[in-house]
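Structure, as C-alpha cells:
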Amino acid sequence: MKKSPITAVILTHNSCLSLEQCLSSVSFCDEIVVVDDVSHDKTAEIASKHNAKVYVRALEGNFAEQRNFAMKKASNEWLLYIDSDEQIDEPLKESIIGAVEQGNHDAYYLKRRDYWWGKELKYGEVMKVRSQGLIRLMKKNSGTWTGRVHETFEATGSTARLDGYINHFPHQSLREFIHEINTYSTLRATELQDKQVKANLFHVLAYPLGKFIVTYILTLGFLDGAPGFAYAFLMSFHSYLVRVKLYQYRTFGKP
C-alpha cells in the first residue's frame with residue numbers, strides 16, 4: 001500500500017490496551033511519531049513494532065507543550081494528531097489523503113464519534129465535536145497548540161472540515177473514567193489558578209449544576225439513554241472537582 005507523506009502524532013501513557021488499533025488505523029501515514037509520558041507497560045514496545053519513532057518525555061501536566069514538541073520531531077509537512085484511544089475510519093482516511101494531495105487549506109477539522117458503555121453517544125458533551133470536529137490535521141508550523149489540558153490548535157491560516165470520523169473509545173471502565181476525572185480536574189484547577197481565576201462556594205455549587213443542565217437537557221444528552229445520563233453526571237462531577245480544588249488551592253494552598 002502506497003503511504004501518504006503525513007506524520008501521525010500520538011501521545012501515549014500506559015496505552016497498550018488501545019494503541020495497536022490506533023496505530024493500525026494510521027498505517028497509511030509514512031511516518032508515526034509517538035511521544036510517551038514515561039509509560040510502565042508495553043506501550044513503547046507496541047509502537048516500535050509499528051516502526052514508530054518513540055520519544056519518551058514527561059508530560060508534566062502540559063498537553064500543549066507535548067504536542068508542540070511532537071511537531072518539531074515530525075519530518076513531513078503534514079501532521080495528523082490522533083490520541084491513543086482513537087481510530088481513523090475509512091471515509092476519513094480517504095478524505096485526509098485527498099486533502100493532503102490538494103493542499104487547499106492549512107488545517108482541517110476532523111469530526112469525532114465517542115463510544116461509551118458500548119453505545120455511540122450523539123448528544124450532550126460530545127455533540128459539538130461530533131458535528132463540528134477538532135483541528136487535528138494541519139501543515140507543520142501553521143499554528144500552535146495552547147492550553148495545558150483540553151488543549152486546542154490555534155491555526156494561523158485557512159481551515160476546512162473533512163468527511164468521515166475519528167472513532168473515540170475513552171475511559172471504557174467506570175474506574176478508569178473516575179481516575180481520569182480526578183487527574184484532569186487537578187490539571188485544570190492548576191491552570192485556572194495560574195490565570196488568577198477565583199472560585200467561591202457559589203461557583204462550587206453552581207458550575208456542576210449548570211454543566212449538567214447544559215449537557216443533559218439543553219444539548220439533549222437524555223436522548224443517549226442511561227449512558228447519556230451517566231456521562232453527563234460524571235462530567236458535571238469533573239466540573240465540581242475543578243472548582244472545589246481551585247477553591248481549596250486559593251483558600252488553603254496546594255496540598
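Everything numeric in this text was worked out from a predicted model, so none of it was measured. Values reported hereafter were calculated over all heavy atoms of this structure, with side chains retained and with hydrogens, waters and symmetry mates removed.
By the side chain to side chain contact (heavy atoms under 4.5 Å, CB included) test, Asn51 pairs with no residue at all, sequence neighbours left out. Here Phe153 pairs with Trp145 under the ring-ring contact (aromatic ring centres under 6.0 Å, His included) rule; sequence neighbours left out. Scanning for side-chain hydrogen bond (donor to acceptor under 3.5 Å, both in side chains) contacts around Ser158 gives His105, with sequence neighbours left out.
Side-chain N or O atoms of Arg136 include none that pairs as donor or acceptor with a backbone N or O of Leu110 at under 3.5 Å. Here the side chain of Asn167 pairs no donor or acceptor atom with the backbone of Gln87 at under 3.5 angstrom. Proximity of a side-chain donor or acceptor of Ser185 to a complementary backbone N or O of Ile181 within less than 3.5 Å is detected. Put simply, the side chain of His50 never gets that close to the backbone of Ala47: no donor and acceptor are under 3.5 Å apart.
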Applying side-chain contact (heavy atoms from CB on, under 4.5 Å), run through Val35 and Thr12 and close with a yes or a no. CA-CA 6 Å; Val35 181; Thr12 59; over 6 Å; no
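Atoms CG and CH2, on Asn76 and Trp78 in that order, are 11.5 Å from each other to the nearest 0.5 Å. The structure places CD of Gln102 at 12.0 Å from CD1 of Ile97, a figure rounded to the nearest 0.5 Å. With rounding to the nearest 0.5 angstrom, the CZ atom of Phe28 is 6.0 Å from the CD1 atom of Ile88. Here the CG-CG distance, from Asp114 to Asp224, works out to 10.0 Å after rounding to the nearest 0.5 Å. The line from CG of Leu246 to CZ of Arg243 is 6.5 Å long, rounded to the nearest 0.5 Å. Glu101 CD to Ile96 CD1: the interatomic distance, rounded to the nearest 0.5 Å, is 12.0 Å.
In this structure, Leu80 and Val9 have side chains that are not in contact, with every pair of non-hydrogen atoms separated by 4.5 Å or more. No side-chain heavy atom of Lys111 sits under 4.5 Å from any side-chain heavy atom of Ile166.
More than 12 heavy atoms of other shown residues, nucleotides or ligands fall within 6.0 angstrom of atom OH in Tyr165.
Side chains of Lys245 and Asn182: a donor-acceptor N/O pair is present below 3.5 angstrom, by distance only. Between His13 and Asp36, the side chains place no donor N or O within less than 3.5 Å of an acceptor N or O (distance only, hydrogens not considered). No side-chain donor from either of Glu176 and His171 sits under 3.5 Å from a side-chain acceptor of the other.
Contacts classified as side chain to side chain donor-acceptor pair (under 3.5 Å) and involving residues 118-131 (residues at least two apart or in different chains) are given here: Glu120-Arg130, Glu125-Lys211.
Of the listed residues (Glu77, Lys53, Glu31, Lys140), just one forms a side chain to side chain donor-acceptor pair (under 3.5 Å) with Thr7, and that residue is Glu31.
Under a cutoff of 6.0 Å and an axis angle of 45°, Arg161 and Tyr109 form a cation-pi pair.
Grouping Ile, Leu, Val, Met, Phe, Trp and Tyr by side-chain contacts under 4.5 Å, direct or through others, puts Tyr115 with Phe169.
The minimum heavy-atom distance between Val214 and Thr219, with the atom names listed, is O-OG1, 2.7 Å.
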Atom pairs and distances, donor-acceptor, side-chain atoms in residues 227-239, under 3.5 Å, two or more places apart:
residue: Ser236; atom: OG; partner: Phe212; partner atom: N; Å: 3.2
residue: Ser236; atom: OG; partner: Ala232; partner atom: O; Å: 2.8

